[in-house]
Amino acid sequence: MSTTRTDLQDPGAVEGGGVLETRLIDVGRERFAGDIWGRTALLTRSAGDFSDLFSAEAVDELISRRGLRTPFLRVAKGGSTFPDSSFTSPAGVGATISDQLDDTALWRKFADGATLVLQALHRTWEPVSDFSTKLSTELGHPVQANAYITPPQNRGFDDHYDVHDVFVLQIAGTKRWIIHEPVHPDPLRNQPWTDRRSAVAEAAKGEAYIDTVLEPGDALYLPRGWLHAAQAQGEVSIHLTLGIHSWTRYALAEQLAQAALAVLCDDPEMRRTLPLGVDGPGAEIDTVRERLAAAVAEADVTSLFHSTRRGQGRPAPLGPLAQLAAVEGLSPESEVRLRGALEARLEGSRLTTRVGWFDFAEPDLPSVTRLLDGEVHSANDLGVGLVEKLLRAGVLVPVEQ
């Protein structure tokens with residue numbers, strides 16, 4: 001039996017159009033995919049109320065009560081970032097690690113006009129984490145989340161571009177955004193704006209593609225490479241940036257080259273030593289090109305692609321105590337589901353996930369296939385022994401009653 005399934009992991013992520021259509025854009029998924037995605041900026045007025053995702057209260061809690069460490073926060077002013085040591089310190093008895101956020105130091109910098117950047121909120125704030133996971137599932141690309149908290153009339157960063165797409169969600173206050181078209185379309189991750197600093201500065205002097213003030217509930221989409229700068233208006237501004245780390249053809253080429261080189265490792269002719277006294281590739285390069293082209297044609301990048309994707313994210317949170325209770329209280333009536341964001345795939349008799357791979361006997365494969373639908377199943381339906389094994393492995397989680 002040879003079966004391949006993709007982990008749907010969160011059926012709610014795509015119901016009713018999903019979070020992309022219902023919360024971020026007003027042009028419909030089809031038009032966004034065909035005309036906007038990766039091509040041009042899009043401003044959506046009154047996209048929705050984002051207060052369920054993030055808020056001023058969330059900022060205060062994260063900075064003052066969660067014991068965050070760098071690099072979960074950056075501080076910037078006048079286009080430059082402050083050294084971490086200027087806003088971190090030990091936290092007293094039992095918490096003497098030196099790079100924890102110092103709320104007093106941060107308050108002073110903020111009051112003096114600095115922008116606070118809470119980074120990787122998809123790891124530290126549950127509502128943002130859940131939303132980012134759903135959006136990543138819909139788009140098929142990894143999503144990260146940062147929040148920018150800017151004092152009145154201040155600007156955190158100069159005109160620049162990002163090497164990933166972004167959705168900007170205005171949470172509180174207002175912010176003026178000035179957008180210019182790219183000087184280097186579709187930059188790769190190793191092509192930052194600082195490599196083209198003078199071209200960016202020159203382009204920023206020209207007529208803006210968008211010059212607008214975002215208000216709470218507005219959303220802005222920018223493909224990678226689009227120039228932007230933002231300035232708070234007469235009050236504190238908070239916005240959430242969802243960074244989309246898009247897969248590209250170049251990234252697939254990297255995967256293909258890696259897979260082809262793995263094939264060439266098994267070619268005795270490619271392992272052969274070059275002639276004595278060789279001075280340059282000479283005629284050898286023709287042989288190498290021929291065999292490399294053949295290896296590229298032969299290479300299968302599917303497993304490598306999915307392995308790389310699995311490494312770019314983390315599975316949904318898992319509570320050890322709840323998991324232990326589920327194992328100890330397991331009965332035929334117990335209800336379970338696939339853990340979210342596992343990137344699970346069944347290839348033949350092997351299930352590969354972000355928490356490891358597992359081989360199954362032929363009789364178990366129909367049940368394993370069923371659980372990949374992301375729906376709720378009873379232990380009796382899947383098999384109590386199989387459910388216990390996958391609960392212990394962190395692949396299945398109990399359904400809250």
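Every heavy atom of this structure was used, including side-chain atoms; hydrogens, water molecules and symmetry mates were not.
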Closest contact, heavy atoms only, G234 versus P152: C-CB, 3.9 Å
Near R65 CZ, under 6.0 Å, is it more than 12 heavy atoms from other residues, nucleotides or ligands? no
Side-chain donor-acceptor pair present, R224, S246, cut-off under 3.5 Å: no
If the test is ring-ring contact (aromatic ring centres under 6.0 Å, His included), which one of F167, F54, Y148 qualifies with H239? Y148
Counting distance only, does the side-chain N/O of H228 pair as donor-acceptor with the main-chain N or O of W226 below 3.5 Å? yes
Are D359 and R350 ion-paired here, with the side-chain N under 4.0 Å from a carboxylate O? yes
To the nearest 0.5 Å, what is the distance between CZ (R108) and CG (D103)? 10.5 Å
Does L20 form a side-chain contact (heavy atoms from CB on, under 4.5 Å) with Y221? I'd like the steps, not just the answer. CA-CA 11 Å; L20 176 66; Y221 167 73; over 6 Å; no
When you measure from the side chain of Q170 to the backbone of A172, do you find a donor-acceptor pair of N or O atoms at a distance under 3.5 Å? yes
Please confirm whether the backbone N or O of R309 pairs with a side-chain atom of R354, one donor and one acceptor, at under 3.5 Å? yes
Just checking, any donor-acceptor pair under 3.5 angstrom between side chains of Q191 and H184? yes
Work out which heavy atom in V355 is nearest to a heavy atom in G394; give both atom names and the distance. CG2-O, 4.2 Å
Quick check against the 3.5 Å criterion: does R291 have a side-chain atom that pairs as donor or acceptor with the backbone of L264? no
Distance check, rounded to the nearest 0.5 Å: H141 atom NE2 versus D165 atom CG? 8.5 Å
Identify whether the distance between the nearest side-chain nitrogen and carboxylate oxygen of E138 and K134 falls below 4.0 Å. no
Over all heavy atoms of both residues, which pair between I238 and A56 is shortest? Give the atoms and the distance, please. CD1-CA, 3.7 Å
Qualifying residues under side-chain hydrogen bond (donor to acceptor under 3.5 Å, both in side chains), relative to R31, sequence neighbours excluded: none
Given D49 and S51, is the side-chain hydrogen bond (donor to acceptor under 3.5 Å, both in side chains) satisfied, shown in steps? CA-CA 6 Å; D49 180 7; S51 61; 2.9 Å; yes
Residues A259 and V301: closest non-hydrogen pair is CB-CG1, 3.9 Å
Of all heavy-atom pairs between G374 and R337, which one has the smallest distance, and what is that distance? O-CB, 4.5 Å
With distance as the sole test, does H245 use its side chain to make a donor-acceptor pair with the main-chain N or O of Q144 at under 3.5 Å? no
Please tell me whether S378 and N380 have a donor and an acceptor in their side chains that are separated by less than 3.5 angstrom. no
Donor-acceptor pairs under 3.5 Å, side chain of residues 57-64 to any protein atom, not counting sequence neighbours: which ones?
unit_1	atom_1	unit_2	atom_2	d
E57	OE1	S55	OG	3.3
E61	OE2	R66	NE	3.0
E61	OE2	R66	NH2	2.9
S64	OG	D60	O	2.5

For L342 and V395, which heavy atoms make the closest approach, and how far apart are they? CD1-O, 3.6 Å
Exercise answer: donor-acceptor pairs, residues 316-324 side-chain atoms, under 3.5 Å, sequence neighbours excluded:
unit_1	atom_1	unit_2	atom_2	d
Q323	NE2	L391	O	2.9
Q323	NE2	L396	O	2.8

Is it true that atom CD of E269 has more than 12 heavy atoms of other residues, nucleotides or ligands lying nearer than 6.0 Å? yes
Gap between atom CG of L214 and atom OG1 of T44 - 0.5 Å precision: 10.0 Å
Could you tell me whether the side chain of Q119 and the main chain of P71 form a donor-acceptor pair under 3.5 Å? yes
Cationic tip of R197 above W193 ring, under 6.0 Å, 45° of axis: yes
Please confirm whether the backbone N or O of G18 pairs with a side-chain atom of T22, one donor and one acceptor, at under 3.5 Å? yes
Between the side chains of R272 and T287, does any donor sit under 3.5 Å from an acceptor? no
Quick check for you: to the nearest 0.5 Å, what is the distance between I210 atom CD1 and T40 atom OG1? 7.0 Å
R45 CZ: over 12 foreign heavy atoms closer than 6.0 Å: yes
F82 six-ring face occupied by K109 cation (under 6.0 Å, within 45°): yes
Salt bridge K389-D364, side-chain N to carboxylate O under 4.0 Å: no
Residue R314 excluded, over 12 heavy atoms near CZ under 6.0 Å: no
L274 backbone acceptor or donor facing E284 side chain under 3.5 Å: no
Counting heavy atoms not belonging to E235, are there more than 12 under 6.0 Å from its CD? yes
